[in-house]
Amino acid sequence: MPWSSKLFPRLVPGFSQRERPLEQGPRHEPPPEPALKFHIGMLDDVEDRELYRPGGFHPTRIGDVLNGTRYKILHKLGYGGFATVWFARDRQTKSNVAVKITAAGTARDGKELEIFDFISNHHSSASEEPSKSHIPTLLDHFWLEGPNGRHLCLVMPVLGPSIQQVIKTSETKRLSAKTARSASLQATQALASLHSIGLGHGDFRPGNLLFAVGGISQWSDEEVKERLGEVIEETVLYRDGRPVRDPGVPPTIIRPTDYTALIPKYLDRTIHLVDLGEAFHLNAPPAEGLGTPASYRAPESHFEHAASTQTDIWALACTIFEIRAGYALFETFVGEYEDEVAKQVVTTLGKMPEPWWSKWTFRDAFFDQDGKPVEDGMPGRVTLEENLKEIGRDDSENDASGKTEGILCQEEVDDLADLLGKMLKYEPSERIDFQEVLRHQWFEKDYETSESS
């Protein structure tokens, strides 16, 4: 278990996570949430049914054919806050592809397409091929007119589960040491490749790092059904139990494919960086800031809405820790609970510099002016080294034999703490750059595991 989930109180009495900004300023009550239209249902790991509305998701069904007669939907791959992603057969090329159907009302549509065009134009005039950059190629795009509006559809190669999904299905809830270092190196190379052409990612995290699946583009219909599993769906109902009769809402909601059966047999160890919806030009960062989840968001993004090379470096450090540990360094526990993350950052790295320290609205709920905890039982400091020493401890606690193979040896603790410590500097200009990260010895060594004591 990560130290944060063991030692930290999860909520501050009297406040909900929705109404607690980090920065000082006038207090505004959040707008009331709209009344729910649909029955929540029993099927988990599906998108919010309420997003099927004008300006929202397109009501996609298995068997639908998109862009004329070209793309036939065979299965569902996933979803996010701005899109659903589908496994489809390209009838023109006789290959399998992923089709990302964006929400009709999102302002990210044109931006993501522009980013893909920028990458394509760069690679067409440079020696590096897109496949070597760990960034998937955009194969095609088209616009889909539907009952909820006009949707941008992006066609890309089919990829497999995210690092996060593989970790969840692992027996130890963690990648092997060798796989973790390889995945971390490839993740760094992917982000460095993007920055080398003047782009930041803006949403870098394990959920956006996907493994490849060998030969998946040529699987037959029978192989798709066998390896991705049966389509699992549930009827969409209104809150009073009536079946939905609305052209903007699918009659059933579909659970994304379970990659568990693919992982041991078909998984390729190549990593790809996806979701460029928050990507930005480094010479023109977005003034409104980024949508990076709180667990991976640098302090300057919290307090100053900054977006830069350095904010991606911070997110990379958090991602490397999570890839190696199997859990986040800074955990939110409940949604986007930013003050919880800020508390953990201070406990790990020490008191924040000014003006951030004074800007943090609810700092007094956790620390005094000197950065010392005000809550009984809350640790004063839990350093990176101490966090790294916790990795694998639960393995031995849950194993009657007392084996400790998952625990990091002291040499790896020292090396990884050195790398992460240089990336997680409060002052952005003090963080090491991508080339220094890539040269770090942690990626090169073959560490021994700790022996039982």
For the rings on [X] and [Y], is their centre-to-centre separation under 6.0 Å?
{"X": "F57", "Y": "H151", "result": "no"}
{"X": "W360", "Y": "F366", "result": "yes"}
{"X": "Y266", "Y": "W219", "result": "yes"}

Kindly indicate whether the side chain of [X], heavy atoms from C-beta on, has any atom under 4.5 Å from the side chain of [Y].
{"X": "V158", "Y": "V213", "result": "no"}
{"X": "D339", "Y": "T361", "result": "no"}
{"X": "R174", "Y": "R324", "result": "yes"}
{"X": "F87", "Y": "N96", "result": "yes"}
{"X": "H195", "Y": "F434", "result": "yes"}
{"X": "L316", "Y": "I320", "result": "yes"}
{"X": "L199", "Y": "F280", "result": "no"}
{"X": "F204", "Y": "T311", "result": "no"}

Is atom [atom1] of [X] surrounded by more than 12 heavy atoms (other residues, nucleotides or ligands) closer than 6.0 Å?
{"X": "K173", "atom1": "NZ", "answer": "yes"}
{"X": "K178", "atom1": "NZ", "answer": "no"}
{"X": "L438", "atom1": "CG", "answer": "yes"}
{"X": "D446", "atom1": "CG", "answer": "no"}

Which distance, rounded to the nearest 0.5 Å, do you find between the [atom1] of [X] and the [atom2] of [Y]?
{"X": "F211", "Y": "L267", "atom1": "CZ", "atom2": "CG", "value": "5.5 Å"}
{"X": "W442", "Y": "S184", "atom1": "CH2", "atom2": "OG", "value": "4.0 Å"}
{"X": "L159", "Y": "L77", "atom1": "CG", "atom2": "CG", "value": "9.0 Å"}
{"X": "I163", "Y": "I271", "atom1": "CD1", "atom2": "CD1", "value": "4.0 Å"}
{"X": "L424", "Y": "I313", "atom1": "CG", "atom2": "CD1", "value": "10.0 Å"}
{"X": "L384", "Y": "K389", "atom1": "CG", "atom2": "NZ", "value": "12.0 Å"}

Handout entry: F321 vs F330, side-chain contact (heavy atoms from CB on, under 4.5 Å): CA-CA, chis, key distance, verdict
Key = CA-CA 10 Å; F321 179 93; F330 308 125; over 6 Å; no

Using only atom types and a distance under 3.5 Å, with no angle test, would you say the side chain of [X] pairs donor to acceptor with the backbone of [Y]?
{"X": "N148", "Y": "G55", "value": "no"}
{"X": "T348", "Y": "Q344", "value": "yes"}
{"X": "T257", "Y": "L228", "value": "yes"}
{"X": "E386", "Y": "T383", "value": "yes"}
{"X": "H75", "Y": "G229", "value": "yes"}
{"X": "H58", "Y": "A104", "value": "no"}
{"X": "D268", "Y": "G214", "value": "no"}
{"X": "S196", "Y": "S193", "value": "yes"}
{"X": "Q164", "Y": "P206", "value": "no"}
{"X": "T292", "Y": "G202", "value": "yes"}

Looking at every non-hydrogen atom in both residues, tell me the closest pair between [X] and [Y] and how far apart they are.
{"X": "L43", "Y": "I253", "result": "CD2-O, 3.7 Å"}
{"X": "L408", "Y": "L416", "result": "CD2-CD2, 4.5 Å"}
{"X": "P136", "Y": "V274", "result": "CG-CG1, 3.8 Å"}
{"X": "A98", "Y": "P157", "result": "CB-O, 3.9 Å"}
{"X": "A190", "Y": "L273", "result": "CB-CB, 3.9 Å"}
{"X": "A183", "Y": "I323", "result": "CB-CG2, 4.3 Å"}

Problem - E412 vs R181, salt bridge (charged side-chain N to carboxylate O under 4.0 Å, His left out): CA-CA, chis, key distance, verdict - result: CA-CA 11 Å; E412 183 174 7; R181 283 195 296 277; 3.6 Å; yes

Practice task
Mind running side-chain contact (heavy atoms from CB on, under 4.5 Å) on D203 and R205 for me, showing each step along the way?
Solution key: CA-CA 6 Å; D203 192 15; R205 51 195 169 98; 2.8 Å; yes

Would you call [X] and [Y] a salt bridge, taking side-chain N to carboxylate O under 4.0 Å as the test?
{"X": "E47", "Y": "R255", "result": "no"}
{"X": "K100", "Y": "D275", "result": "yes"}
{"X": "E114", "Y": "K111", "result": "no"}
{"X": "K422", "Y": "E430", "result": "no"}

Exercise for the section: State whether a side-chain donor-acceptor pair under 3.5 Å links D415 with H440. Expected result: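 There is no such pair (donor and acceptor under 3.5 Å, judged by atom type) between the side chains of D415 and H440.
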
Handout entry: Side-chain donor-acceptor contact under 3.5 Å, T169 with Q165
Key =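 Note: T169 and Q165 side chains miss the donor-acceptor criterion.
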
Problem - Criterion salt bridge (charged side-chain N to carboxylate O under 4.0 Å, His left out) on E300 and R431, from CA distance to verdict - result: CA-CA 13 Å; E300 65 270 26; R431 296 171 201 157; 2.7 Å; yes

Handout entry: Intermediate values then yes/no, salt bridge (charged side-chain N to carboxylate O under 4.0 Å, His left out), E340 and K343
Key = CA-CA 5 Å; E340 186 72 37; K343 174 177 69 173; 3.3 Å; yes

Handout entry: Parallel, tilted or perpendicular: rings of F303 and W356 (30°, 60°)
Key = parallel

Practice task
With side-chain contact (heavy atoms from CB on, under 4.5 Å) as the test, would you mind laying out the steps for K425 and Q310 before giving the verdict?
Solution key: CA-CA 10 Å; K425 296 288 188 184; Q310 288 74 30; over 6 Å; no

Exercise for the section: Assess whether side-chain contact (heavy atoms from CB on, under 4.5 Å) is satisfied between W86 and I254, documenting all intermediate values. Expected result: CA-CA 11 Å; W86 302 84; I254 299 169; 4.0 Å; yes

Handout entry: Derivation and outcome, side chain to side chain donor-acceptor pair (under 3.5 Å), residues R363 and Q369
Key = CA-CA 9 Å; R363 180 202 68 216; Q369 183 57 41; 3.2 Å; yes

Practice task
Start with the C-alpha gap between S182 and T179, add the side-chain angles, then the distance that decides, and say whether side chain to side chain donor-acceptor pair (under 3.5 Å) holds.
Solution key: CA-CA 5 Å; S182 172; T179 300; over 6 Å; no

